[in-house]
Each structure stands twice: as C-alpha cells, then as structure tokens.
Amino acid sequence: MTEIKGTGGDSGDVARPQLDEDLSEVSDFLRAVGKQIKLLRERAGLTQKEFAKLVGYTESLIGAVEQGKRTPQRELLEAAERVLDAGGLLLVVADDIEKAKAKARVRHPEWFRGYAGEEAVCEELNDWSLWDCPGLLQTEDHARAVFSMRQPLLSEEVIETRVAARMARQEILTKWPRAMFSWVIDESVLRRPLGGWDVHTEQLRRLLEVGTTRGMVIQVLPLDRTAHAGMGGPFILLTPKGRPQMGYIEVQTSSRLITDQSEVRILNARYSTLRSQAHTPEESLSLIEKILGER
C-alpha cells in the first residue's frame, strides 16, 4: 500500500498549499496573446461588450482572455480572426496555444503524478463518484469551475495549467485498443450545478455522449435507494497493464494509492454492489436526459 499525504488526487480540490510549479512560460504567453486580442479589438473600435456579442462569448470571458487569465479556445480565436480581420495572426496563435497546452499537460502536481502515470497505462478503470463528476468525464468549463472554487484559492496560472492537465488525461478515452471503463455516479452529482447551469448543462450532455460510446458504461445511483454501498466515500479501481489491480482513494488532505490486494478486494466488492444498486446504463442515460429536460 502506498500512502501519499496531503494530496489532491483526481478531483484536485482538497486543501493543500499551492506548490511552486513553473508556470511562467505558459502564463506569460497567454498574457501576450490577450494583449494582441485587446489591441486588435481597440483598433477595430469595439468595446469588450460589442466584441463579445460579435464572437458569441460573454463579456467577462473576453475580459479574462485579454488579461491572460483564461486560455482562448480555437473557436474563439477563429471568430476573433474573422471579426477583427487579423490577417491570419490569431490563427497562427491558435497553433501556438495548442503547443503551450501540450507542455502544460505534463505539469501535474508532484503529488498526483504517481496516480496519473498508472491511469495512463491502465487496461480497466472503474470509478465510484459521490461528490463530483469524474475527472476523466469533466468538460473544460466544469474543471475550471471546480479548480476556481478550491480552498485555499489557486492562482489563475495554476488553474489554467491544471485544467489543461486534466483535459490531457482524457486522451486515454480515445486511445485504441481502448481500456474498459465504467463509472457509477451518485444522482446528487447530476443535480448539483457546479459552475452554474450553463456549465452544468454542457457537463450533462458530455455524460450522455460518453454513456453512448462503445466500451464505456455510466450508471447512476438514485437518491431513493434505501441501501448504499458507497457511503465510505468515492474511490477508483484501475488495472495497469501486466500488473495487479489497484485502488485509489482521497479525502480532504490525504490520498492513497492502494496495492494491498486484501484492500483492493474490499473495494471491488463494494463497487460490484454499487453497480447492482444503481440504475442500468439505459435507465441512467434516461435520467440524465430527464434532468436536462427540467431546465
């Protein structure tokens, strides 16, 4: 059994002091891109509000991008290129941003690299999520909202780097041959609109997309169950290639990567029971659609 004290694990939201991550290269680049967009906007005689309306984004997001606090997505840059007649400048920047994000992807916090390394080469992953949407299934905006609300607060640079790292982890979902994935998610997660309803709506749609993908199973544990095998908290079971299955748990300021097979068997038994207590995959997707329809 390996124990890592004071960690932040898959959710990255536990209260841990911010470490001295080298973010200067990425953050300086984002600020430079933001200044370029601001200069082009002002040359076009547009206010942030007017520009935001033309490109289809919020004024607050445009402000954050111009300050280098948010990573401008390719869709925004393409729209800005068209509206500001930037002569190809912003399209070139879009490629550079992808390269910068690729560099940031390896910058998991030191305390999380052990788990991230095992996850990247696993052949099977089973995840019980009680409090939040699993990291591998989070949209970029959901992940950013979660990191932004973490206590103590993270800097904008750290938030953007960790969002990029989380998105990079999701590449495992598209690799082939694909690992076997299953998630059991508590219904409360589906009804808690972290980041606001716009963010949450896209998150629910992402769950529907994954849940209809071959080799990926999402089940929802309904709130009205009178028996619940997951009251001890969330956990992950993963099987690295050529090695025994291991478990991963986290709570508050501690997380553990579990290799003791007697403990792993207990988590396996709990996960099997949770799957039997949850809705079927088809019923689960119907419930997600129903919650979407309530908005």
Side-chain angles (χ1 to χ4, degrees), residues 1-14 16 19 21 101-138 140 142-143 146-147 150 158 161-185 189 206 210 213 215-219 230 232-272 274-275:
M1 176 184 70
T2 301
E3 182 170 1
I4 314 167
K5 296 183 181 295
T7 71
D10 182 58
S11 71
D13 304 321
V14 288
R16 176 179 175 81
L19 301 181
E21 298 173 78
K101 287 171 67 176
K103 291 181 180 179
R105 286 169 182 170
V106 302
R107 290 179 175 151
H108 291 296
E110 185 276 332
W111 38 260
F112 186 56
R113 290 172 192 162
Y115 171 80
E118 300 291 359
E119 179 186 77
V121 296
C122 74
E123 295 184 317
E124 181 178 357
L125 185 145
N126 302 310
D127 185 320
W128 156 234
S129 292
L130 177 58
W131 300 317
D132 189 18
C133 185
L136 287 178
L137 303 184
Q138 290 181 9
E140 183 170 336
H142 180 103
V146 169
F147 284 125
R150 209 212 76 167
V158 170
T161 297
R162 293 194 182 175
V163 168
R166 178 159 295 180
M167 295 302 101
R169 283 173 51 211
Q170 296 181 5
E171 291 177 1
I172 190 178
L173 303 179
T174 62
K175 289 182 179 179
W176 199 263
R178 180 181 291 149
M180 297 175 60
F181 295 98
S182 77
W183 296 270
V184 179
I185 305 173
V189 172
R206 171 61 176 159
V210 173
T213 300
M216 301 185 187
V217 177
I218 291 178
Q219 292 180 256
F235 59 85
I236 296 173
L237 287 163
L238 56 86
T239 306
K241 185 175 182 179
R243 289 186 288 131
Q245 188 177 54
M246 59 182 64
Y248 180 78
I249 60 175
E250 64 175 60
V251 61
Q252 294 297 332
T253 59
S254 296
S255 70
R256 293 170 56 202
L257 192 60
I258 302 169
T259 57
D260 184 293
Q261 290 303 295
S262 62
E263 291 193 62
V264 173
R265 281 193 292 272
I266 291 173
L267 293 180
N268 249 312
R270 290 176 181 170
Y271 194 76
S272 295
L274 282 165
R275 294 196 70 174

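No side-chain heavy atom of Phe181 sits less than 4.5 Å from a side-chain heavy atom of Asp127. Residues Gln261 and Val264 have side chains in contact (heavy-atom distance under 4.5 Å, counting atoms from C-beta outward). Taking 4.5 Å as the limit, some side-chain heavy atom of Ile258 sits within range of a side-chain heavy atom of Leu267. Pro134 places a side-chain heavy atom less than 4.5 Å from the side chain of Ile185. When side chains are defined from C-beta on, Asp132 counts as touching His142, because their heavy atoms get closer than 4.5 Å. The closest side-chain heavy-atom distance from Tyr248 to Glu119 is not below 4.5 Å. Side-chain contact between Thr213 and Arg178 is present, with at least one heavy-atom pair separated by less than 4.5 Å. Two residues are said to be in side-chain contact when any heavy atoms from C-beta on lie closer than 4.5 Å; Leu237 and Asn268 meet this criterion.
In terms of the side-chain contact (heavy atoms from CB on, under 4.5 Å) criterion, Ser272 has no residue partners (sequence neighbours excluded). Residues passing the side chain to side chain donor-acceptor pair (under 3.5 Å) test with Arg270: none are found, sequence neighbours excluded. Arg206 pairs by the side-chain contact (heavy atoms from CB on, under 4.5 Å) definition with Thr139, Gln170, Leu173, Gln203, Glu209, Val210, not counting sequence neighbours. For Ser182, the side-chain contact (heavy atoms from CB on, under 4.5 Å) criterion is met by Asn126, Val217, Tyr271, Arg275, not counting sequence neighbours. Residues forming a side chain to side chain donor-acceptor pair (under 3.5 Å) with Thr174 (at least two apart in sequence, or on another chain): none.
What you find for Glu124 and Ala179 is that their closest heavy atoms are N-CB, 4.2 Å.
The stretch residues 234-244 participates, sequence neighbours left out, in these salt bridge (charged side-chain N to carboxylate O under 4.0 Å, His left out) pairs: Glu118-Arg243.
Within the 3.5 Å criterion, the main-chain N or O of Cys133 finds a donor-acceptor partner in the side chain of Gln138.
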